[in-house]
Amino acid sequence: MANFFDSSLEFLKGVGPQRAALLQKELQLFTFGDLIQHYPFRHEDRTKFYKVDEVNELMPYVQIKGKITDFEIVGGGFKKRLVGTFEDQTGELELVWFQGINWVMEKIKPNTEYVVFGKPNRYGNKISIAHPEIEPLTPGNEKEGFLQPVYNVSEKLKARHIDSKFLSKLVKVVLKGAQPHIRETLPPELLQKQKLIDKRSALTSIHFPPGHEQLAAARSRLKFEELFYIQLRLIKMKLVRQEKFKGIVFNDTAILTLFYKEHLPFALTEAQKRVIREIYVDMKSGKQMNRLLQGDVGSGKTIVGFICMLLVVGSGAQATLMAPTEILAQQHYANLKKFADLMGVSIALLTGSVKKSKRKPIHEGLEDGSLKILVGTHALLEEGVKFNKLGLAIIDEQHRFGVAQRSKLWQKNATVYPHVLVMTATPIPRTLAMTLYGDLEISVIDELPKGRKPIKTTHRYDSHRLQVNGFLKTQLDTGRQVYVVYPLIEESEKLDLKHLMDGYESISRAFPEMAISILHGQMKPEAKDFEMARFVKGETKIMVATTVIEVGVDVPNASVMVIESAERFGLSQLHQLRGRVGRGAEQSYCILMTGNKLSADSKVRIETMVKTNNGFEISETDLQLRGPGDLMGTQQSGALDLLIADLGKDGDILKQAREAAQHILEQDPQLDKPENKAIRIQIDSMKKSVVNWSRIS
Ligand code: ADP
Ligand code: MG
């Protein structure tokens, strides 16, 4: 028998081929199942009738019952409107129509009982409701209050009279027919333990809840289910890998001892030590490591990476680090080389711009095993790159590599997969990490090295530029260096460049005696490197740049970061930029320049930056402001297309869902116990629907 939920909406009474095509195009609703899963984004509260004398303009919506005693047409031309005087036992208010006046006059009869619903406003001493919903009072709507679902519809649909009301009628019909077909998708024991309502009630109540309590219960249940199945898949992936993929055992720590004793340039922080221990346990376990390393800018991820590489190299294997951009790869290479040289470990850099003649010795060294560490970009994934024995792959992601690319690196070894350590350049909130990287173990460096002076961040309006320049002068006079960063506005590269050049000129005028560098995306790589090198060496004192300096620049003597038009930047980007200073011993500063007019969101962003230096806190706020889909670099990740759960708000449910999934897979890794039958069936049907989807699109 064909599955009820797979039936095309075309065959639903009242839809037909044309409307079905519109629903497909505008809302991606193809089937009965899609429609049922088109959950309302809010409900209008029609559970309660207010008395007219209780109504005030602060209420979002009210429902009242009574009659219209009088109609009057007021004004003319544009201002022409129909005003009805509406009363109940407690008082009067006005109902107002600007359009459809004739229709209303025909339909609505004076001195008949109606139910009226709408948004109250105040004009002078009168309360009025414009374009209310109005229905005759019937025994049905008089007694039974309800929460009315409000659905997302497009303007195009509305123009064809497919509005929220219309959708709610369709949903009602489909839900009725669906009752015998709705399958419970979570095991009874889990429902009980998590205090969740059953699927059938949940699907009904999410659309047509009898009351607020039932609506809340339906939401919790459906959110839990959604997050549970995502976590189940991720944890299953992890378990399969742990079971199948052997990892090379690295437990010879002689070389580490030597490094610690002779060359470690500073005492490791407790957080660094803890993370190294976590990684070490993985690497000697005999299973392949897949771990995410999170840590704020400047928390010292590089040395942790190097120590892990050293462990591998000390046992005769090789290690690699892949970075998302050329500049970042160069920076990593420079940092790691300092340590590698101390230990006499061979290291090379491979990026797209490395010439053929230079590649040959690298390829050879890799294959015969004499080259121990290779740092690079995507170029590492090319076919010619063959390792003798790759023991560890570190991936610096910034969310830019996908799972597919990660696994390409694993396959660089024919027999045993290398251990994989993923590092992210910006901290991401826990809920996001659990969803994007839920198949990995997670380590967090949650502490900055001692003695770091927190960067002082201030907000200044453009009108205070003179004072800001005065401050820059005092810093420059003590020998410090300064960054001035301009935003990239994607619509127009030309305009961006103009802003940058204007800025450059005004800074040149303000500091005529200073050598100034300029850096932007349209410069040739050699020119960029040249300018960057001048600034690093201290030959230039001010660096005027677009966001190209965001990653990979480490100039300890630079103590001030001025961010122009700061209101145009996202939070994580601001934080990332700020991380370019505060790398030396001196007090560092970040100055956020903005215009006088700021949107509410921009205000929150600027205030957050001024208030805290903690990257995790910042990414958490970013998540609240923008939602997971818009967070830096996560755009393409399908993992975040959620129907009902919200990673910004549902952290607790997520945690419970993950624990539950973990627990079930521990007890029943193959999910073949009878009590988990519901889960197995659901997974199979989800697999099937993925296939269906690809066929359609
Ligand atoms: P990130 O986590 O942003 O990659 P880095 O690894 O670049 O941070 O470290 C930032 C700076 O802090 C580097 O100059 C590094 O040498 C230094 N550093 C790292 N760990 C410590 C530590 N435990 N004590 C003092 N300085 C440290
Ligand atoms: Mg780094």
Side-chain angles (χ1 to χ4, degrees), residues 256 259-260 263-279 291-310 320-343 349 373 375-377 394-401 421-428 433 442-455 481 536 549-559 561 572-588 590 613-616 618-619 632-633:
L256 285 189
F259 179 67
Y260 285 145
H263 300 296
L264 193 64
F266 35 65
L268 296 174
T269 62
E270 287 309 312
Q272 284 172 319
K273 286 187 208 161
R274 187 189 65 238
V275 165
I276 292 169
R277 274 199 302 275
E278 286 166 359
I279 296 170
R291 193 170 270 282
L292 172 71
L293 174 58
Q294 279 217 75
D296 211 343
V297 232
S299 62
K301 295 184 286 289
T302 312
I303 186 91
V304 171
F306 179 73
I307 287 170
C308 301
M309 288 177 154
L310 210 49
T320 187
L321 187 154
M322 181 164 79
T325 63
E326 178 124 10
I327 304 183
L328 197 52
Q330 283 168 5
Q331 182 85 48
H332 276 305
Y333 173 69
N335 286 336
L336 292 171
K337 189 166 169 23
K338 277 183 235 153
F339 297 127
D341 286 352
L342 289 173
M343 298 300 293
L349 174 69
I373 299 178
V375 178
T377 53
I394 300 181
I395 306 173
D396 190 351
E397 276 213 323
Q398 232 186 359
H399 323 308
R400 278 180 208 175
F401 296 123
L421 184 67
V422 179
M423 301 200 298
T424 60
T426 17
I428 54 177
I442 299 182
S443 286
V444 181
I445 306 183
D446 49 8
E447 180 189 358
L448 292 183
K450 285 201 186 61
R452 247 340 129 71
K453 291 200 182 83
I455 301 162
Q481 288 163 283
V536 171
I549 64 140
E550 192 179 323
V551 287
V553 191
D554 197 355
V555 184
N557 188 48
S559 64
M561 167 66 65
S572 17
Q573 213 181 6
L574 288 172
H575 180 63
Q576 193 73 25
L577 283 170
R578 177 168 60 182
R580 296 301 104 206
V581 295
R583 308 211 137 215
E586 304 303 322
Q587 176 63 55
S588 291
C590 174
N613 272 307
N614 181 328
F616 285 96
I618 285 170
S619 67
M632 203 166 171

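Read the numbers this way: they start at 1 and go in the same order the structure lists the ligands and their atoms. The figures that follow rest on heavy atoms only: side chains count, while hydrogens, waters and symmetry mates do not.
Per-residue contacts place Leu268 under 4.0 angstrom from the following atoms of ligand 1 (heavy atoms of the residue considered): 23 (N). Using a 4.0 Å cut-off to heavy atoms of Ser299, the atoms of ligand 1 that qualify are 2 (O), 8 (O). For ligand 1, the atoms closer than 4.0 angstrom to any heavy atom of Thr269 are 23 (N). The contact set between ligand 1 and Arg583, taken as ligand atoms under 4.0 Å from a residue heavy atom, comprises 3 (O), 7 (O).
Using a 4.5 Å heavy-atom threshold, the side chains of Phe339 and Leu310 count as separate. Residues Tyr333 and Leu321 fail the side-chain proximity criterion, which asks for heavy atoms closer than 4.5 Å. For the pair Ile279/Val304, a side-chain contact is recorded, criterion being any heavy-atom separation below 4.5 Å from C-beta on.
For atom 22 (C) of ligand 1, the nearest protein heavy atom lies closer than 4.0 Å.
A donor-acceptor contact shorter than 3.5 Å links the side chain of Gln272 to the backbone of Gly300. At distances below 3.5 Å, not a single donor-acceptor pair connects side-chain atoms of Arg583 with backbone N or O atoms of Ala558.
By the 4.0 Å heavy-atom criterion, Ala267 is counted among the residues contacting ligand 1. Contact annotation: Asp296 has at least one heavy atom less than 4.0 Å from an atom of ligand 1. Assignment of Lys450 to the shell around ligand 1 is not supported, since no heavy atom sits closer than 4.0 Å. Remark: distances from the non-hydrogen atoms of Gly298 to ligand 1 include one below 4.0 Å.
The heavy atom nearest to atom 26 (N) of ligand 1, out of those in Phe339, Phe266, Phe306, is found in Phe266. Which of Lys338, Arg452, His332 comes nearest to atom 17 (C) of ligand 1 through a heavy atom is settled by distance: it is Arg452. Scanning Thr302, Asn335, Asp396, Ile445 for the heavy atom closest to atom 5 (P) of ligand 1 points to Thr302.
Backbone and side-chain nitrogen or oxygen atoms of Gln272 are examined, and one is located within less than 3.5 angstrom of a nitrogen or oxygen of ligand 1. No N or O atom of Val297 sits closer than 3.5 Å to an N or O atom of ligand 1.
Between the side chains of Glu278 and Ser443, at least one donor N or O sits under 3.5 Å from an acceptor N or O. Of the N and O atoms on the side chains of Asp296 and His575, at least one donor lies less than 3.5 Å from an acceptor on the other residue.
The shortest non-hydrogen separation linking Gly582 to Ser588 is N-OG, 3.0 Å. In terms of heavy atoms, Ile445 sits closest to Ala271 at CG2-CB, 3.8 Å. Contact between Val297 and Arg580 at its shortest, heavy atoms only, is CG1-NH2, 3.9 Å.
If you check which protein heavy atom lies closest to atom 8 (O) of ligand 1, you get Gly300 N, 3.2 Å. Given atom 14 (O) of ligand 1, the protein heavy atom at minimum distance is Asp554 OD2, 4.4 Å.
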